[in-house]
Amino acid sequence: MVTPTVRLNPEQQEAVEHTEGPLLVLAGAGTGKTRVITARIAHLLRNGILPEQVLAMTFTNKAAREMRERIAGIVGEERAQFLTMGTFHSFCARLLRRHGEIVGLPRQYTICDSADQLATVRAALRELRVGEEKVKPSAALSQISLWKNQLIGPEQALDLPGDDRDELIARAFRKYEASLRRSRVVDFDDLLLMTLRVMREDAKLLGRLQEQYRYLLVDEYQDTNGPQYEILRLLSSQHRNLCVVGDDDQSIYGWRGADVRKILRFDQDFPEAKIVRLETNYRCTPEILDAANKVIANNRARHPKELRAFEDSGVPVTWLGLYDELQEASMIVTEIRQTVERGEANFGDFAILFRTQSQPRAFEAELRRQKLPYQLTGSQSFFDRKEVRDVLAYLKLLANPEDEVSLLRVINTPPRGVGKGTIEALVGAATEAGSTANQIIDGLIADEASGPKIPPKAMKSLRELFGNLGSLRMQLAHGEPLSEIVAELLTRVDYKAEVERQYDDQQTREARWNGVLEVVDFAVNYTRQARKPTLDGFLEELALNAEDQREEAEEERPQAVSLMTLHAAKGLEWPRVYLVGFEEGTLPHKRSAAEGSVEEERRLAYVGMTRARRVLTVSWAEQRTRYGRPAPCHVSRFFFEATGETPHRGWVAADAAHPVR
DNA sequence: CGATTCCCTCTTTTT
DNA sequence: GAGGGAATCG
Ligand SMILES: Nc1ncnc2c1ncn2[C@@H]1O[C@H](COP(=O)(O)OP(=O)(O)OP(=O)(O)O)[C@@H](O)[C@H]1O
């Protein structure tokens, strides 16, 4: 029998076969690093390693799914299904569901999303009487997250040198942590941190995990942060079979605590490590690779590497300066349509990549106008819709009665006479007692004299709400299917009437209600495909994997133009790529330039350019609508770096005070 | 308490 | 240009 296999060059082959001991594959874009991981797992399985012994970390769950499919194609689905593969976060979430109690995490914990995190920070700042103009909640949240990822707790943060503002944020940090714990909620960072604590506190469990996961593999290692690295170090400390692959030039998550130095110092952490370098790029034409290499060569902090194109010469990179974002969109969409009409490509061969989430708007409008199929990846907007958040808050509250943010969100949605005064009284009583609004209300229901005085109408509504939640929880406990529960919930709170009350035109009502129905669809889908469907599991999927849930629910759209951010495009490739909005202020982004992280922006440009296999078009506009007003733009400095042209008179850098003269 | 209106901010990137 | 929050009135 001929075993199906993948083509590898000698260096890749060497990496695949070096199965014992630490291994670093450090190589540039498109050199086949991910292919090494895939082939290596297949190689392990062919050599008698059980799939249960393999743990592979990818950067997104989608990447994990694709890799699993590829491996299934080589060794068969019946074995591939037992591989442990996914993001660090989903691995940790699963581990905590089983073993979180070791660090005091109740089994029915819920994961809060970014909006809930922000609401918690906002509440903390309010409690400290810090105005939002003094400390922006979003800024406080990213500082808190950075601290957490550096393993700095609230008390240590308070001791850190800093100005008044830092101290306020540190105090908000303390309150933030306390609210999450009271609410039995963990944030994304907690998933990693608590896993780490579990591993450190329970040596026997750690031993079992080390025993089970004999072979660790990590893709995109350059974007691993401190806690993730620590988890890897603990898991691999006995057998040291840790294979990591990455490219320091593609490190684009520094703002989230990722530390490139980890990959550059791998041989210090693992002195016996074997290091493999791959120097042939199998993805891009020489023209594309040359332009990308010229850009990245301007970074000072990097490991220089050889990178040769395997492909034959193709067409030159197209540099396209246009009037505004409307012209940019119509020009590009028209070109895509005409290329497909000429039979030279399919819609799925195209990607439009951009720096920020505000950019796709014009492209979406134009794609719809010209009726081309497209897929916008990574858009949070669906989960930010009010009706979707409302329904999810109800579900989170069902799963976790102590979830304060969710309770406060739904307590008067639909309006049921529980107003500002009542809410303040409840929260005040909770804060004073160091408990939660849920417990105060439970107390009041048992004995109205036990807590703050609440208007009778509000009290009646709270009884009804809690009665409904209670009986739904009961049904849940009796194993009623999730989809039924969601439907029943909507009936009980009469959410449809709420949608109709809020919006008066029929079209909006329908659109909003469809959002609700889509959540119901997610639940149906999840119930169907999950091995053991639970509400906790469903919410976990939504928190860690929202994107996939939406995709599953939508009809297959195999031939569609891809639209995504440069961050989301990492690791992917298309025959034809448009890198749009190539402007000072956008790429490099104004804020990055101000923070002195232009090198990371340059890496983003490098990632974007190297996604293209055969045709790369880079575009910019002279003016762009910002906050509803047109603002002048200048082509990105990366254009000059790639082409060797010099800025003309009047060109202005994002971080410069004066135009070039 | 709830509905309406105005006004402000926001745009970095994500698990 | 949208969406959320504060202010204001019924
Ligand atoms: N030995 C090989 N021969 C031919 N093609 C290869 C070989 N190795 C990889 N490829 C192809 O090269 C392209 C890039 O591979 P892969 O995605 O594994 O690279 P990578 O190093 O992970 O890239 P990046 O870091 O840019 O995401 C893919 O299309 C892959 O199929």
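Because the structure is predicted, anything quoted here is derived from the model rather than measured. Reminder, nothing fancy here: chain letters follow the sequence lines and each chain counts from 1.
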Check: Taking for each residue the nucleotide of DNA chain B with the nearest heavy atom, is it A:Q117 or A:Q359 whose nucleotide lies nearer the 5' end?
Finding: A:Q359

Next item on the list: Write down the distance between CG (A:L141) and C1' (B:dT15), rounded to a whole number of angstrom.
Entry: 13 Å

Margin query: Less than 4.0 angstrom between a side-chain N/O of A:Q357 and OP1 or OP2 of B:dT14, yes or no?
Written below: yes

Note to self: My understanding is that only one of A:K460, A:K453, A:R463 makes a salt bridge (charged side-chain N to carboxylate O under 4.0 Å, His left out) with A:E448; could you say which?
What the structure shows: A:R463

Note to self: Angle between ring planes, A:F173 versus A:W147, binned at 30° and 60°: parallel, tilted or perpendicular?
What the structure shows: parallel

Next item on the list: To the nearest Å, give me how far apart NZ (A:K460) and P (B:dC1) are.
Entry: 16 Å

Item checked: Electrostatic pair A:R181-A:E177, nearest N-O below 4.0 angstrom -> yes

Item checked: Face-to-face contact A:Y253 to B:dT14 six-ring, under 5.5 Å, under 30° -> no

Checklist line | Candidates B:dC1, B:dT13, B:dT11 - which lies nearest the side chain of A:W255 | finding: B:dT13

Check: Taking NZ, NE, NH1 and NH2 as the nitrogens, is one of them in A:D116 or A:R389 under 4.0 Å from a carboxylate oxygen of the other?
Finding: yes

Next item on the list: Take atom CD of A:E595 and atom P of B:dT13, then tell me their distance rounded to the nearest Å.
Entry: 13 Å

Note to self: On the side chain of A:S358, is there an atom forming a donor-acceptor pair with the base of B:dT11 - under 3.5 Å, no angle test?
What the structure shows: yes

Notebook entry, point to check: Nearest-Å distance, CG (A:L118) to C1' (B:dC10)?
Noted result: 12 Å

Next item on the list: Please name all residues satisfying side chain to side chain donor-acceptor pair (under 3.5 Å) with A:S562, sequence neighbours left out, ordered by chain then number.
Entry: A:W574

Notebook entry, point to check: What are the two closest heavy atoms between A:P630 and A:Q623, and how far apart are they?
Noted result: CB-NE2, 3.6 Å

Check: Aromatic rings A:F91 and A:Y213: how do their planes relate, parallel, tilted or perpendicular, breaks at 30° and 60°?
Finding: perpendicular

Listing time: all N or O pairs from protein to nucleotides 2-9 of chain B that are below 3.5 Å?
from  : atom 1 : to     : atom 2 : distance (Å)
B:dG2 : OP1    : A:G417 : N      : 2.5
B:dG2 : OP2    : A:N412 : ND2    : 3.0
B:dA3 : OP1    : A:R501 : NH1    : 3.4
B:dA3 : OP2    : A:R501 : NH1    : 3.4

Next item on the list: Using a strict 4.0 Å threshold on nitrogen-to-oxygen distance, state whether A:R233 and A:E230 make a salt bridge.
Entry: yes

Check: NE2 of A:H589 versus C1' of B:dC10: gap in Å, rounded?
Finding: 11 Å

Next item on the list: Provide, to the nearest angstrom, the distance between the NE2 atom belonging to A:H89 and the P atom belonging to B:dT15.
Entry: 9 Å

Note to self: Expressed as a whole number of angstroms, how long is the span from A:D219:CG to B:dT15:P?
What the structure shows: 15 Å

Margin query: What is the distance, to the nearest angstrom, from the NZ atom on A:K570 to the P atom on B:dT15?
Written below: 10 Å

Notebook entry, point to check: Is the backbone N or O of A:N61 less than 3.5 Å from a side-chain atom of A:R65, with the two atoms forming a donor-acceptor pair by type?
Noted result: no

Check: Reckon A:T565 has a side-chain N or O less than 4.0 Å from the OP1 or OP2 of B:dT14?
Finding: yes

Enumerate all atom pairs, one protein N or O and one N or O from nucleotides 2-10 of chain C, separated by less than 3.5 Å.
none

Item checked: Phosphate OP1/OP2 of B:dT14: any A:S114 side-chain N/O under 4.0 Å -> no

